[in-house]
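From a predicted model like this one, the values you see are computed outputs, not experimental measurements. Every chain is numbered from 1, with letters handed out A, B, ... down the list of sequences.
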Number of protein chains: 2
Amino acid sequence: MAAFRLTVDLVVLTIRAGALNVLLVQRGIPPYQGEWALPGGFVLDDEDLDAAAVRELREETGVTAVGAGHLEQLRTYGAPGRDPRGRVVSVAYLALLPDLPAPTAGSDASGAAWHPLPGPCLAFDHREILRDGVERARAKLEYTSLGAAFCPAEFTIAELRAVYEAVWHTTLDPRNFHRKVTTTDGFVAPTGERRTGVGRPAELFRRGEAEVLHPPIMRPART
Amino acid sequence: MAAFRLTVDLVVLTIRAGALNVLLVQRGIPPYQGEWALPGGFVLDDEDLDAAAVRELREETGVTAVGAGHLEQLRTYGAPGRDPRGRVVSVAYLALLPDLPAPTAGSDASGAAWHPLPGPCLAFDHREILRDGVERARAKLEYTSLGAAFCPAEFTIAELRAVYEAVWHTTLDPRNFHRKVTTTDGFVAPTGERRTGVGRPAELFRRGEAEVLHPPIMRPART
DNA sequence: TCAAAAGTGTTGCCGGTACACCCATGG
DNA sequence: CCATGGGTGTACCGGCAACACTTTTGA
């Protein structure tokens, strides 16, 4: 019945240089000043939780285009003592975004940067939150079309395949991947345009409407 | 940065008479006095969230044997205005339990009872929470061995099959179901005993160790 | 010995993997 | 015309649904 303070913390993932990266901020104020942490902050008085997550993402990292990617609630962490400032409960969110220009540090952060996993030591219980977020992202890619959240608005099938290969550290057969993705209803939508480069030009696609697909859409290869 | 109050609310599901049922309490105090609601209450000052869920389940319903079933965090609901008493954020939990003797009403509830879905109108945003909980339960039964959480400590394969049939309102082939469940590693463990009745005695099983099984373990039939 | 429920063997189908092959462009 | 990457056709293989069949009890 006591009073709690509420924060949102964000596990922001993207693909950079063929590997899964997480967005971290360097704390500019105590506690844990100078250490790396997940971006986040206190929920405002009359603010919805989802809105707080979007706001913190923008304020602390300069990322505005959430619509391009994917944002969902991950889990709530409320162990007593997880924050030295007192009883602070954190609602964690998971964000999947296309690779963006270097983030800008916000008000409470002295720096914001992408880190390849597993990343450095983290403040609070953020290591645990990050682990849960990555696990959720890996799992969701198996039975949803969320891999496309890591891609820009228009992308080739090869780019989408690179996402799955990075998240699972595997290689997938390009031919079978192409067939699977283009024949599964609601996964991707063709734009009609093509991107030229070395070799035959690749058709460009947008994200399809479907998000959760009933049969598992793709599974990490066993090798 | 303001002060919040924190509650846990529980979506407690079981199978009764071949159908999915939810445990509801009739509110004994305002707001929404007299209406049905999910069991739950305020988190104590130095209490972990999971501990609060276990405590509320016991206090409001008399259910103590959580170890027999399954309890997991579902989602957190924090829209401003969801509670007329002020800014109250609720961490919802999902519990799957074997069918138990009629629950006893606790301190803040004038009655506690099982309701077949979809159940009556509910206080607060509990209708939404219930919908999310049922959806999660249905989804998890597809790719985990959690169906056994609805069964008592020892059960027959036919009883376990009845769980899946109730949750998905389908019929499953008894022969194929038996094979699938007994040959999948970690799903069930034989006790060596048998339960006699009409027809050939059925072998008794306990829950296996595995919870999340990588390949989807079972899917609702199409008919 | 019959009904009823438990449990096993077998077949055919469907979907996925592996891989040969064709297409379209730049150099 | 060759290298490079995009995209299609097809054969094999494993898992699952369907269902015939055997086992074990009570009445």
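- In this structure, of C/dA6, D/dC19, C/dC19, it is C/dA6 that holds the atom nearest to the side chain of B/Ala202.
- A/Leu172 places its CG atom 16 Å from the C1' atom of C/dC19, with the value rounded to the nearest Å.
- Remark: C1' of C/dA6 and CD of B/Glu159 are 13 Å apart, rounded to the nearest angstrom.
- Across all strands shown, A/Arg195 has no heavy atoms under 4.0 Å from either base or sugar-phosphate atoms.
- Rounded to whole Å, atom C1' of C/dA6 lies 15 Å from atom CG of B/Leu160.
- Side chain A/Arg161 to base D/dG6: no donor-acceptor pair is found below 3.5 Å.
- Within 3.5 Å, no donor on the side chain of A/Arg200 pairs with an acceptor on the base of C/dG26, nor the reverse.
- Protein atom CG of A/Leu204 is 12 Å distant from nucleotide atom C1' of D/dG6, rounded to whole Å.
- Aromatic ring orientation, A/Trp36 versus A/His115: perpendicular (interplanar angle above 60°, classes split at 30° and 60°).
- One finds no side-chain N or O of B/His178 lying less than 4.0 angstrom from the OP1 or OP2 phosphate oxygen of C/dA6.
- The aromatic rings of A/His126 and A/Phe124 lie tilted to each other, with the angle between the two planes from 30° to 60°.
- Spacing between atom CG of B/Asn176 and atom C1' of C/dA6 amounts to 14 Å, rounded to whole angstrom units.
- Residues A/Arg175 and A/Val198 both approach DNA chain D. Their nearest nucleotides, taken by heavy-atom distance, put A/Val198 toward the 5′ side.
- For the pair B/Arg175 and B/Phe177, the cation does not sit on the ring face, since its NZ or CZ is not both under 6.0 Å from the ring centre and inside 45° of the axis.
- For B/Arg179, the listed nucleotide lying nearest its side chain is C/dT10; candidates were D/dG7, C/dT10, C/dG16.
- Salt-bridge check for B/Glu165 with B/Arg161: passed, with a basic side-chain N closer than 4.0 Å to an acidic carboxylate O.
- Summarising the geometry, the separation between CD on A/Glu203 and P on C/dT25 is reported as 12 Å, rounded to the nearest angstrom.
- Using a cut-off of 4.0 Å between Lys/Arg side-chain N and Asp/Glu carboxylate O, B/Glu72 and B/Lys140 are scored as salt-bridged.
- Between the CZ atom of A/Phe155 and the P atom of D/dG6 there is a distance of 14 Å, rounded to whole Å.
- In this entry the distance linking CG of A/Asp173 with C1' of D/dG7 reads 12 Å, nearest Å.
- Mapping A/Arg194 and B/Ala158 onto DNA chain C via the closest heavy atom, the residue that lands nearer the 5' end is B/Ala158.
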